[in-house]
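Owing to the predicted nature of the structure, the values given are computational and were not obtained by experimental measurement. In this chain, residues are counted from 1 in sequence order.
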Amino acid sequence: MIVFNFLKPAGLVLCLTCILLTSLSVRADPPCHFSAGLNEQSNQTDHDHHTDIASWQELHQELYLLLARSSGCSLNFVFLPWSRALQQLQSGELDLLLTVSKNQDRQRYADFIGIHYNEEAILVLRRDLIFKVKQLQHLIALEDQIGVMRFGYFGEAFEQLRTEGLESRLLFVSTLQQKLDLLTHGRVAGIIEDRAQYRAWLKYQPEADKIYKEHLLVHSNPAYFAASINSMNQQQRDHLRQSWAKVYGNAEHQTILSKFGWPLH
């Protein structure tokens, strides 16, 4: 039982006021914690087939943890297909996402707080079609489709080609594994994929190199940490931005990237 008899009215008011102000202060400055999106988690037993996916996840985990250590924040990983994670970043259900390219539409809901590596999106094409595709617009005339990640962004020139007939030649998938499986089973003429990711996949699928070839550079751009404007306030986002700037390009960051064969620039 709580007894206030020993407090004078003025003291009681002052005490309650202090409690109220403390409560408001806590609400205005929540603990430093964020949810971080990771691409789909494989629960397959065929370890070799999924080693490339596991390696990619480990790279992203280490980059997130580097940011967490620098910022003093805690985090929890949320395993989602990348396309769904981007939607949740927009709605504010997810705080942070890696490998996001900056464009005008995404800047409406995401704060691009720092670059973590440079991404080169390439067209991987069947070798028997190389002579037919000298430029990206030649894909429009192909009979077979090209696998791409849903909601992926490959530059303004690619977006323009989509309006000129390329859209009908694209086969959209929601996960990285789905896209790579299209190659494994020969269901597409090719895919658009990050160069480093494709080369990592080839290590575990060497036979694919006899069928497919890195053909054209589609788009080269920095890949960012994107923070949700709808779930994190400006102060929180600035704190993460400044924390990442402290470690960007340092020895630890470079070691993580080189470990997995990813380029910083």
*Asks:* Any donor-acceptor pair under 3.5 Å linking the side chain of W82 with the backbone of G152?
*Replies:* no

*Asks:* Taking all non-hydrogen atoms of both residues, which atom of F260 and which atom of I256 are closest, and how far apart?
*Replies:* CD1-O, 3.1 Å

*Asks:* Ignoring hydrogens, what is the shortest heavy-atom contact between Y64 and L75? Give both atom names and the distance.
*Replies:* O-CD2, 3.7 Å

*Asks:* Under the salt bridge (Lys or Arg N to Asp or Glu O under 4.0 Å) criterion, do E119 and R195 qualify, and how do the steps go?
*Replies:* CA-CA 8 Å; E119 187 174 55; R195 188 189 302 275; over 6 Å; no

*Asks:* What closest approach, in Å, do A189 and Y212 show between heavy atoms, and which atom pair accounts for it?
*Replies:* O-CE2, 3.8 Å

*Asks:* Which atom names give the shortest non-hydrogen contact between F154 and H219, and what distance separates them?
*Replies:* O-CB, 3.2 Å

*Asks:* I'd like to know whether CZ of R84 has more than 12 heavy-atom contacts from other residues, nucleotides or ligands below 6.0 angstrom.
*Replies:* no

*Asks:* Going hydrophobic residue to hydrophobic residue with side-chain gaps under 4.5 angstrom, can you get from L63 over to L240?
*Replies:* yes

*Asks:* May I ask you to test the Q145-L170 pair for a side-chain heavy-atom distance under 4.5 Å?
*Replies:* no

*Asks:* I192, V188: one ILVMFWY side-chain cluster at the under-4.5 Å cut-off?
*Replies:* no

*Asks:* Would you say Y198 ends up clustered with L216 if hydrophobic residues are merged whenever their side chains have heavy atoms under 4.5 Å apart, either directly or through other cluster members?
*Replies:* no

*Asks:* With distance as the sole criterion, is a donor-acceptor pair present between the side chains of N118 and S220 under 3.5 Å?
*Replies:* yes

*Asks:* If we count only N and O atoms by modelled type, under 3.5 Å, do the side chains of S228 and D95 hold a donor and an acceptor together?
*Replies:* no

*Asks:* Counting neighbours of CD on Q104 that are heavy atoms of other residues, nucleotides or ligands and sit closer than 6.0 Å, is the number greater than 12?
*Replies:* no

*Asks:* If you measure only the distance, is there a donor-acceptor pair under 3.5 Å linking the side chains of Q177 and T175?
*Replies:* no

*Asks:* Should V133 and L123 count as side-chain neighbours, where that means a heavy-atom distance under 4.5 Å?
*Replies:* yes

*Asks:* Report the residue from R126, K203, R127, R199 that forms a salt bridge (charged side-chain N to carboxylate O under 4.0 Å, His left out) with D209.
*Replies:* R127

*Asks:* Indicate the atoms forming the closest heavy-atom contact of S243 with S70, along with that distance.
*Replies:* O-OG, 2.6 Å

*Asks:* Quick check on the hydrophobic clustering: are I229 and I113 connected, directly or via other members, by side-chain heavy-atom contacts under 4.5 Å?
*Replies:* no

*Asks:* Looking only at side-chain N and O atoms, does Q234 offer a donor or acceptor that is under 3.5 Å from a partner on D238?
*Replies:* yes

*Asks:* Could you tell me how the ring of F77 sits relative to the ring of F79: parallel (under 30°), tilted (30 to 60°) or perpendicular (over 60°)?
*Replies:* tilted

*Asks:* Do E156 and Q160 have a side chain donor and acceptor closer than 3.5 Å?
*Replies:* no

*Asks:* Do L176 and L86 share a hydrophobic cluster, counting only Ile, Leu, Val, Met, Phe, Trp and Tyr and linking them when any side-chain heavy atoms are less than 4.5 Å apart?
*Replies:* yes

*Asks:* Would a 4.5 Å heavy-atom cut-off, applied to side chains only, mark C73 and H239 as touching?
*Replies:* yes

*Asks:* Please confirm whether the ring centroid of Y248 lies under 6.0 Å from the ring centroid of H253.
*Replies:* yes

*Asks:* State, with a plain yes or no, whether a side-chain heavy atom of K179 is found less than 4.5 Å away from one of E193.
*Replies:* yes

*Asks:* Determine whether the side chains of S101 and N221 contain a donor N or O and an acceptor N or O closer than 3.5 Å.
*Replies:* yes

*Asks:* Do NZ/NE/NH1/NH2 and the carboxylate oxygens of E143 and R169 come within less than 4.0 Å?
*Replies:* no

*Asks:* Taking the six-membered ring for Trp and the full ring for Phe, Tyr or His, determine whether the centres of Y224 and H116 are under 6.0 Å apart.
*Replies:* no

*Asks:* Salt bridge (Lys or Arg N to Asp or Glu O under 4.0 Å) for D181 and R187? Distances and angles first, verdict last.
*Replies:* CA-CA 8 Å; D181 282 346; R187 295 174 182 167; over 6 Å; no

